[in-house]
Structure formats: structure tokens, C-alpha cells
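Side-chain atoms are counted along with the backbone in the values below, which use heavy atoms only and exclude waters and symmetry mates.
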Amino acid sequence: MQFVESSKGAMTTLFSHYYSFMYPGTDFLLKPVFVRGLSASLHLVLLLVMFISWLCKKFKVVNSEGPSQRLKETRCLYLKQTVICCLGVFLFSLVLCLLNYCWYRNGWSIEELVTLLDLALKTLAWGAVSVYLRTQLFNSGEPKYPCLLIVWWGLYLFTSCCELVMDVLYRKHVNLPVHYFVSDVVSVVMGLFFCYVGLIGKNEGLGALKEPLLIVDSNASNEAESNKSKGGETVTPYSNAGFFSILTFSWMAPLISLGNKKTLDLEDVPQLAPGDSVVGAFANFRNKLEAECGTINGVTTTKLAKALISSAWKEILLTAFLEIMNTLASYVGPYLIYTFVQYLNGQRDFSQNEVYVLVSMFSAAKLVECLTQEHNSFRVQQIEIRIQSVLVTMIYNKEMTLSCQSKKVHTSGEIINLMAVDAQRIGNFSCFMHESWIVLVQVAIASSILYKNLGLASIAAYVAGILALLANFPLGSLQKKFQGKIMESKDRRMKATSEILSNMRILKFQGWDMKFLSKIMELRKTEAGWLKKFLYTSATSSFVFSGASTFVLVVTFGACMLMGIPLESGRILSALATFGVLQVSISNFPETISMIVQTKVSLDRIAFFLRLDDLQSDVIERLPRGSSDTTIEIIGGNFSWDLSSSNPTLKDINLEVKQGMRVAICGTIGSGKSSLLSCILGEAYVAQSPWIQSGKIEENILFGKEMEREKYERVLEACSLKKDLEILSFGDQTVIGERGINLSGEQKQRVQIARALYQDADIYLFDDPFSAVDVHTGSHLFKECLLGLLSSKTVVYVTHQVEFLPAADLILVMKEGRITQAGKNNDILNSGTDFMELVGAHKKALSALDSTEAGLVSRSISTSKEIGNVVVVQKQENEDTQNAKVDDKREKGKVGFSVYWKYITMVYGGTLVPFILLAQVLFQLLQIGSNYWIVWATPVSQGMKPDVGSSTLMIVYVSLAIGSSFFILVRTMLVATAGFMAANQLFNKMHLSIFRSPMSFFDATPSGRILNRVSTDQSAVDLSVPFQVGTFAFSTIQLFGIIAVMSQVAWQVFIIFIPVSAICIWYQKYYITSARELARLVGVCKAPVIQHFAETISGSTTIRSFDEESRFRDTNMKLMDAYSRPRFNIASAREWLCLCLDMLSFIAFLFLLVFLISIPEGVINPGIAGLAVAYGLNLNMLQAWVILILCQMKSKIISVERILQYTCIPSEPPLVIKENQPNHSWPSNGEVDIRDLQVRYAPHMPLVLQGITCNFPGGMKTGIVGRTGSGKSTLTQALFRIVEPTAGQIMIDGINISLIGLHDLRSRLSIIPQDPTMFEGTVRSNLDPLEEYADEQIWEVLEKCQLGDEVRKREGKLDSTVSENGENWGVGQRQLICLGRVLLKKSKILVLDEATASVDTATDTLIQQILRQHFSNCTVITIAHRITSVLDSDMVLLLNNGLIEEYDSPTRLLENKSSTFSQLVAEYTMRSNSSFEKLSDDLI
């Protein structure tokens, strides 16, 4: 009651003076009440006119052509801005109307009633104008505003100016409420703007880039279609936006608007500006780096950092300026708050104008703080994107030139990690680059403010602050150590994962998938150990710095008491506000130190990589075309893969090759044939293991060249590709998956040969490309390619097939790295033993064919049936979509609540979450309580007596402070624990799901996509997601705390705060639709970058030999720009949102200030009111921060969503079925009974095996032959259940293999695959990955494989190193290692899937001898292209188009001269009898 009475008295006194001044003898027309009455009348007239106009339109006949059909190409100038301003005037008038009603409802005068009526009519009129502009003018396409509206705007400006003049004149005599002047100023400014756009402005086109902060255009369909067609080609509006557009981020509004009308796709996202594109940025960075260190190989960490800084120095200086301005503006409030509290306390010894200046300074500083904060944030993110792009490009370009020795230092997994993790981390540092020094500036400013308010006690505060900063350095050094260990562990894990994904098929065949999963889990366990230490150290660091501000405050106030400095609530509030601003930087300092540490580690790693040795470009001397008849010349060459080795790989090489010669290179495995090709590499090259790039078949063949249709058709014919393309639904437009997964091995080889032929080079190098094709195709390729299209070219070809040697002009026989014989076929037959050994082995293999009639040869050529090169349907699950790979699954719409729920309940069912929230609530309560206590307990001014003693004051305050710090510790530790455990669970579930997925998943999913999830997404879950989720919850609780303090002081703040909050939420929802899809596009666009990177690593030799480095570099830059585009727009959209929210929070804060200075003196406690202002200083930042962190959390949670996708991959059948588990001796006989077996690779695909029924007797050898696509490999996969039968069954020793566990099946079978596979590790781990055998058994197997001596020569013996993919072992040696595995395993059933395709005839014969000797009692199923490999089989199965064409013993099939098998043997015999030598002579 006392409060009400005092208020009434104050108001009565105020207006009694006001009345006495206004009425005595003054002309009524000059009184403010007349002007306000006139304003009310004008607004009433406007309302009546608009109502009559609306009625007329309702009764008017509607034209059939609606507005959407009549949409014109122009509209009124700044129409959208005008709508927003009208809405602003509406809201402002509404707030003032409500305030006037609340303030004066206890007693009304005529002036008050007229003012209230004026505000009410203003509210209605401006609301109606806003609706009219939005619904009528917005869609009409009218080029001008209606004349009546322009006239009314002019009258509105006139009355507003009159009101302002009247109030200024009368304020000298009457103390008018401040909101009168605020209303007058706002009305004049708005009137000026409306008159400008109505009278002076010109029209703007619909395509103009000038957009408002918010677009609510309803013409979705037209704009969406337009953007879809041009989005990917249009440069971002930012590049040519005006000052106002850049200032308000309104150039971003069209894309956000489009995102609310449709799901954004990449073509909707504009291209980057030239300065932000990697094309322009990289050239600048490279020049700076070369200026620093001369060559890339001389780069150091310091020079790399300097080059990065100098390449973006303008932006860095601009952001530094913005950071300083933001810091200065943020401390204006703490500096002025003491004066403000004194004013509220009644010490109004300055004029009313100075109060308005005080409020204006608060407001201006807050406005500057908001603008500089958002623009600084946008600019540093712009720098981040640019730096990451140039680093990725630099790493990519370096990888293209790495020497073989350097590649041993950095494997493909490590290089991908440099690109995916380290480059991104260095880019992320841009957001922290000013934090390390700006905190010192803030400490200096804070010290000055504290000294002004607290005197010498500020020195204690300064010392305490320094001590708090120093306390973090030990933690920072620990974080650096742990971060380095995390990266090392991650490198090892990523390297192993990359290798495993590349060889998953062989792991499935061997039943090793779970063993290698345990290897990944062990690597993760090591990584998780360091991760746990890092997280807990970070949590401790956060606790130290969160408690630092409390510690500094306690020391400061304690020093004041000891020094006798009086504590006043105004000075305390100034100190609290100062520490509140400083605390933001201090609390971020641990993360800054962490980022500095992480960035230093990443810079070291990248600099080390860039210093690695490149290929020596001057080793090969290239002469102009036609300058010499000699095309290849090597004089006294010694070459080594390892420069530190004393034993060169190739020794004393002397070679001269003339133009047009065909040079054949032969020799046993490991003799140096492929190494010799590598020495002379520099022209069109066909590798032994085919390298196929993801993309269309046509693109793989053209390989950057222009299409010449006639030449293209000749190449297709020569490579026997036409029939394959006819069968494919989309021909040469069919998209090849990663590593050519939807092509057979033979098809990949032929595409690779076609790529070389189309290049029209001078020199062609072939590394045994005919080994992967069948007899018929090999003959055709040799005839049409080497002897046909390349008859005039210089061709050097490695071959293990002796029948191709006579056609050569020069044969080089190699042994132990030397050329032991050189000459024509007949010349070297009797000149040495090495060539005779090869030929002898070949003749021995042909001994079984002696009975073949010569007449059969000629007849077979003319009558042999075309079985047809049917494309292998396996792995072509998505042929109907022209794509061999499934597009990365991209969820659309908002992230479902189930994702959040699964994440927060992943650890102990979510039990920790309530405790985390409780700790934050208690911390917030205790923190507010401590501040409330010290403000309440201290006097407002020096003359007042304190309510409590100084000791009681400090004891309570310190107790509350210690309690709040304790709960901070509890909170940080619980968040670290929950985040760590959730990350580990997601990792385990995802990897188990991946390893248990069927082979079809790996065939259809590029490894880059999987690596993206196990690297980038997993890193986000490890380090970002838990803190994003936690920060959102904590900031929300903190926001409610501030609202509670402000509302306790003045509940009227809810009048403005509720609508402002509602608008904030609406803005967030409007923004998040686009931001979420942009975030998903980032994830989708990153996978192609990684995939292209991985493909380039594996095919770098081929790319260099075709001289296509520049094209691949350009492709990489285009992919990087495609990845950067959504990232750039996410950053822009985020700052657009933050600026909008900042402005709304600014309005709420301004309202609080105006309200506090408008209420009479003594109504509220000045100290508590000051506390509300101190908290309100952070309101705009915190409210925007809550919305921003919510949006960031929704973006980051997508990583959880993507990982959860991979935890739900359909799984293979169970590994073990206990009720159907076979006994340990199964299979004892090895009989394989196939009954009506039908197999297809997808439900919509045709049958590959169309009802096969046959029996492979136990202990017998069966050979399977057939042309490409006949179903040979499919039958093998069905036997191992890589693909499940559609119908029928396979019985092994009477047990249906579909009814037992996969591990029980695959562990009892053995296979030697077509592509010999070795894993990084040791010889022992490659032979015995399951660690089941003793060293003696392993040595025994190596002796049987003829590898014993080779392993003994190597350092480490059984522990000698095997590099990634076994690259330090020859292909033939790798095949012998694969043979050693099956010898160790001793399975009853052995499958050889073209196992000897890559070895010479002598090695093939050796392998066959070993198999006959050690697998005499086993069932051996051999799929082979070499007829000699199956001639000694007991049975031969010939498949044709998924059906059995012939199945009998080789002898009986050969006796039947019309059998297809007999014709294949005859063709092989013909080729082996040097027919190519004769053919080549004929061509010459």
C-alpha cells in the first residue's frame, strides 16, 4: 500500500505542474494535446478509408487473372523493408499504449486520454497498413505506392515533427515522461523513411539483390524454379551487395526464404565469390608460401603459419579491428552502471538531457557491440573456409608428386586424415585467433574500470586474474600432449580402417571380418584412452576458469574490506558487470589454449608432410616429338625404391628402344619387370592392377580428352567392350562405382586398356594387362590393340604369357633386377638359361595338349560359338539409376526427436542427465544468490549504514561462491563422462554394424562415405556434440535466471519480453529449415572430396603417366568449392539470425532502461535495479547465444544422425547358429552338392545363376571355365554365402550351408582370390592373422611356397614389415603369401578364383605342383583363364549365361571336337604356337 500511495503522490505532483503550465492563457492550437488529437484523427481517417476500400474490393467482380498470373517484373522500392518498418511502428505503438494504460489507470486527465487514444489508433492503423502492404501490394507487382498512402505518410511526418517540437518546447517547464520523446524521435525517423521511399525512390526489379532481414514472399513456385535452374551458376549476392545489405546480412535472405519453400539442394546454393573460391585463394597462398620458403620442400611450421596469415592479412586486420571495437563497446555498460544506479538512488544532480545521453550511450554501445560481434564472427568463418580449402588443395597437390619412399612414411589413411581432420582444425582456429591477445586488452580495460570504482583494490583483482590465467598453463601443456596422442591414434585407426574397407571382400571370404574388427576396436581403445584424458583435462580447465571469476571477485572484495575501501552497491555492480564481460573471454580461454595446441599439432603434421621428398622431375629427359628415332634410352641405370638401401632394385640397366618397336619384358615374379616400367614411366600406362575412377565408362575412357566418335568406336571395338555396353542399360553412360566395383576384373582391365589407346601417345607401357582376361579376349586384345591400333607406336609390355613374346621386336629377360638376356625370340632361345626356363615351363604346361589336332585350330576359329561378353551382374544393384553406388543417405526435414533421445539415453539410460541439469540449476541459483546477496547487503551510497557486518557479508558470499564453483566441477565432469561414453557406444555400434553388413553394402557404398562417418562425424561426436548439447541446456537455464532477476525488479518487462521471445522463436524456426539442409549438404559434399582424394592416391601413377595432374587438381578444387559453398552460406545464415535476435534483445534491453528511468524515485531498490541492468547487459548476447547454440546443436546432431544410420545397416545372417553348429571335423569328405541354385544380386535384377544342378565329388579337382559374365565368380560367392541364393541350395557333406552360421562355413573353406591381398603389418600377421599357428609351422609353409629364402633375406624375418596393401612385395609374391595362408589353414575345400592370373607360367606351374602335392585329398575348385590350370582337373564345368553348358572330364570334352571346351583349348593352342609372330610379320 505504501508503494501505491507513493506512486500516486508522485504522479499527482508531476501532472499538477504540467496542468498549471499548459492552460493559463495559451492558445489551444499550440498545446500538445491538440497535436496528439490531430494525429489520432488522421489515423482514424486512414482506418475508415482502408475499411471502405476493403469493402469495395469484396463486392467487386474478381478478375479471372489472379495476382500470381499477373506478377510483374517490378515492385515498389524497399517494399519489404517498408513492411518491416510498419510492423515495427505497430509494435512500438502497442507497447507504449499498454505502458500508458498501466501507468495512468489510477487517474486520468484529458491529455492522458487523448494520448492513449492516439496510441491506440496508431496501433490499429499501422497494423492495418502492414497487412495491406503484405497482402495486397506485395503480390500485385505495382511499380508505385498508392497516392493516398504517400499523402498520409507526409501528414504523419508533419504531425510527428510537430509533436517533437511541442515536447521540446514544453520540457523546460514540465518534466515530461521520457517515453514521449522516444515516441517523437521514432515517429520522425520512420516518417522520413516512408516519405523517401514514397516520393523519391525508383522501382526495383524482382531479381534485385536488395532483400530485407526477412523475406516472407508467397511466390514460392516461381522463385524456387528460377533458383533451381541458376542456383549453382549464380555467384553469391554477397559479392556485389551494397553497404546496407552487408551490414544487415539481408543479401542472405533470398536463400533462407527459398529454404522455407523447398528442400535446398546443391544447385540452389550460389557459387562463392572469386576471393573466397579456392581457385583464387590457393594461387595467392602458394605465392606467399613460395616467397617464404622458396620450395614447398623447405616449409616449416612457422613459415606455413606466416604464409597462411599473409594470404589473409586484410581480413585478419579487419577482424582484429572489429574485435577491438566489440571489446570497447562491451565495457561501456559496466563503466556507466555506477552512474545509472546513483541516478536511480535519487542523486539527480544533472539535467534530464544527461539522463537521455546516458541511456543513449548504453544503447549505442549495445548496438555497436551487436554489429561488430556478428560481422567479426562472419569474417573469421570466411577466413576459416578459405584456409581449410587452400590447405586441402596443397595436401592434394603434394600427394600427386610424392616419391615412393615418401609414401612409405605417410600411408593413404594418414594423408586422408591430414585433409579431413588437420586442415579443418587449422581452419577452425580462425575463430580463436584473436582470443589469445584480446583477453589481455580486456584485462587492461577491466582493470581501469575497477581502479576507478575500487581504487587500489583493483591491483589485487589484477594479480588474482593473472594467477587464474597462469593456473591453466599446466593444464594446457597436458592438453597439447593428449591432443597429439589422439591424432597419432586416430591416424593409425584411420589407416587400418581404410585398408580394411578396401579389402573387405577377402576378409568376408576368409571369415576374418570379426578379427579385424577387434583390431579396429583395439586401436580405438588406445585412442579412447587419450580422448578420456583430454576430455577430463578440458573439464578441469573449464572448472578452473569458471571458478576464476569467483576467485577474483572474492579477492577483490576482500581487499576492499582490508583496505577500508567502502563497498557500495553501484561500485559492486560495476565490478560484477565488468567481471561478467571478462568472464566470457576467460571462460573461453581454456578452449582457446586447447585450439592453439591442436592447431600447432596439425601445423606440424602438415608441414612435415609437405617437406617429404617429391619425385625427381629431372630423372627423365623428354625430347620434342620427332627429334630422335630413339624413343627410350637408359644408360647404366641403377634404380631403387628405397634410397637408403645399399642394394638397388634394378642394377646396370642399359636399354635403347627405337620408334615403333614392340618390346616384351618377361621373367619370374620379383625379377623387377614392373620396376623397369616405373623407371621409364611418362607415357600412356596400363597397370597390372586396374585403376578405375568413379564416373561414367565414357569418362574413364576419354580421361579428359575431347570426344572423337570414330576414334572412340575403334577403341571400343579393339577392346571388346561393345558387347558389354550393349548389355548395360545405359551403355557407356553407366556410372562405375568406387574401384570399379560394378565391373568384373576383366572388364576393368579392358576399360583401362581403352583409356590408354584413346590417348594417342608415342609410347605405351603395358604391365601384364592380359593376365586378367580369358583366352579368347586376350587373343583379341593382343591382335587388335598391340598389333593393330598400336602397330606404329612404341609399345613396351610386361607379360607372363610366353605365347605373346614372339611378336616382339625385342625381348628383355629379367632376373634379380638385371636384364640377363635381350634380343628377338629366336636369337635368345639358345643364348642363356633364363629364357629357356620360362619357355620350358610353358611347353611343359602344354604337354597335355599334344594330342590336339592342328585341323581343330583353323576350324575352331571360324566355328567357335560366341558365348558373349555378358556383363557380370554382380554388384550392379543400382543399374536402373545409372549408378553403381547408392547416393549418400540424406535425411530431409528436421532432425527427429528420436535422435536426441537415443543420444541422451545412450549412457545409463539417461540417468546422468538429471544430475547434470540439477548441478547447473544449483550453480545458477548460487551464483545469482551470491550477487544478489552482496548487492542487497551493501549500501547504495557512502552515507548509508550497511545492513550486515563485513565479516558476515564475506562469509556468506564466499560460501555461495564456493558452492557454485563446486557444482561447476560436478557439471563439467558429468558432461565429459556422458559424452565420452556415448561416443564410445556410437563408435562400437557403428563399426559392428559396418563389419556385419553384407558385401552388397560395400559394393554400393564408396569407402570415402564410410571414412567420412568414422572420421569427421566420429570426431564431432567425440569432441563437439556433448558440449553443444550441454551448452544449450546450461545457457537456457542461465537465460531463465536472468529473466527471473529482471522480472523481480520490474514485471512490466514481460510486456516486451514475451513478444520479443515469440519473434525470436519464430525467427529460429524460419532459419533452421534452411540451415539444417545446408548442414546436411556439407556432409554430403564432403564425401566426394574424400573419395576423390582416396582415388587419386591409389591412381597417382596412372594420372601422372597420362599427364592429367592439372585436370585432377582442377577437379579437386571444384569439389572443395562445392563443399565450401554450403559452409559459407551456413555461416552467413547464422550471423543473419544472430543479428536479428540481437536487435530484438536490444529492444528489450532498451525498454528496461527507459522503464527504469521513467518510474518515480524510490519505487524500487536502486541496487537491485542496477543488478537487473547488469544482467540485462548480457541479455541480448545470451538470448542470441541460446538460439545460436540451438541451431548449432541441430547442425552438429546431424553427425549423430548419420552415425545412427550406420548402426542400422541390414546385417548378414548370424555368424554362429548354435543349434545348427557342425562338428569340428566338418567337412570331412568335401563333397559339394548344388541343387537348382538360382542367384540374383537384387530383387529387381535378373538371375545370374539360373538353376544350376551339379555335384563336386569330395577329394576331386573341378575346373570352372566360361567367358566373362557366365557366372563363375557368382558361384564362388554363393559357396561362401557372400550372396544368398534366391532359390535352391548348396549341400556340403550333407549339410545345407544356408542353415549354419557364416563363421562356421567360411572358416572351414579356403580361397585364393584373383587379386592377391596383403595387409599392413608383418609377414607373420599376414599368414596367420588369427594367431593360431606356431613359427615352425609358418616357416614350413614359407618353404613350401618357395618364399623361405626371400623372407630370410629381409630384416626382421617373420616380423619383417609389410607396407600398406603389400606394396613392398611383388604381385606374384603376394599370391604366394595367399597360397601360404591356405596351406596353413588345411581346409578340406579349396577355391582358386583365377589365382594364377598375375604370375608367370613357371610360378603358375609351381603353384599347381604345390596344390597337387598338399591338397591331393581335398576338393579343389579352380576358376581359371589359363586352360592349362584346369587341364589336370578331374572334372570341368563350363558355364554360359548362368547355365551349365558342359560338365565332364577334360579328356571326354577334348574328345568331342564340337564341345565349347575343346574349342577353347584349340584357340589357346593356336595362340601358343607363335601365331602372333606370323601375324605381326604379315602386318609389317
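Summarising the geometry of Arg1308 relative to Pro1227, their closest heavy-atom pair is CB-CD, 3.8 Å, with the distance given to 0.1 Å. Considering all non-hydrogen atoms of both residues, Pro998 and Phe1002 come closest at O-CD1, 3.6 Å. Nearest heavy atom pair, residue Ile1311 against residue Asp1393, reads CD1-CB, 4.5 Å. The two residues Tyr1333 and Leu1384 have their closest heavy-atom pair at OH-O, 3.1 Å. In terms of heavy atoms, Thr1322 sits closest to Leu1358 at CB-O, 3.6 Å. Shortest non-hydrogen contact noted between Val1362 and Phe1319 is CG1-O, 3.3 Å.
With no hydrogens or angles considered, no side-chain donor-acceptor pair links Gln1337 and Glu1340 at under 3.5 Å.
A donor-acceptor pair under 3.5 Å is formed between the side chain of Lys1272 and the backbone N or O of Gly1266. Under a 3.5 Å cut-off, the side chain of Ser1433 and the backbone N or O of Val1436 do not form any donor-acceptor pair. Side chain of Asp1293 to backbone of Ser1228: a donor-acceptor contact under 3.5 angstrom is found. At distances below 3.5 Å, not a single donor-acceptor pair connects side-chain atoms of Asn1440 with backbone N or O atoms of Leu1443. Between the Arg1306 side chain and the Phe1280 main chain, a donor and an acceptor come within less than 3.5 Å of each other. Glu1446 places a side-chain N or O within 3.5 Å of a backbone atom of Phe1461 that can act as its donor or acceptor partner.
Take Arg1324 and apply the side-chain hydrogen bond (donor to acceptor under 3.5 Å, both in side chains) test, not counting sequence neighbours, and it matches Asp1335, Asp1359.
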Please list every donor-acceptor pair under 3.5 Å in which a side-chain atom of residues 1251-1263 meets a protein atom from a residue at least two apart or in another chain.
{"from": "Thr1253", "atom 1": "OG1", "to": "Asp1236", "atom 2": "N", "distance (Å)": "2.8"}
{"from": "Asn1255", "atom 1": "ND2", "to": "Glu1231", "atom 2": "OE2", "distance (Å)": "2.9"}

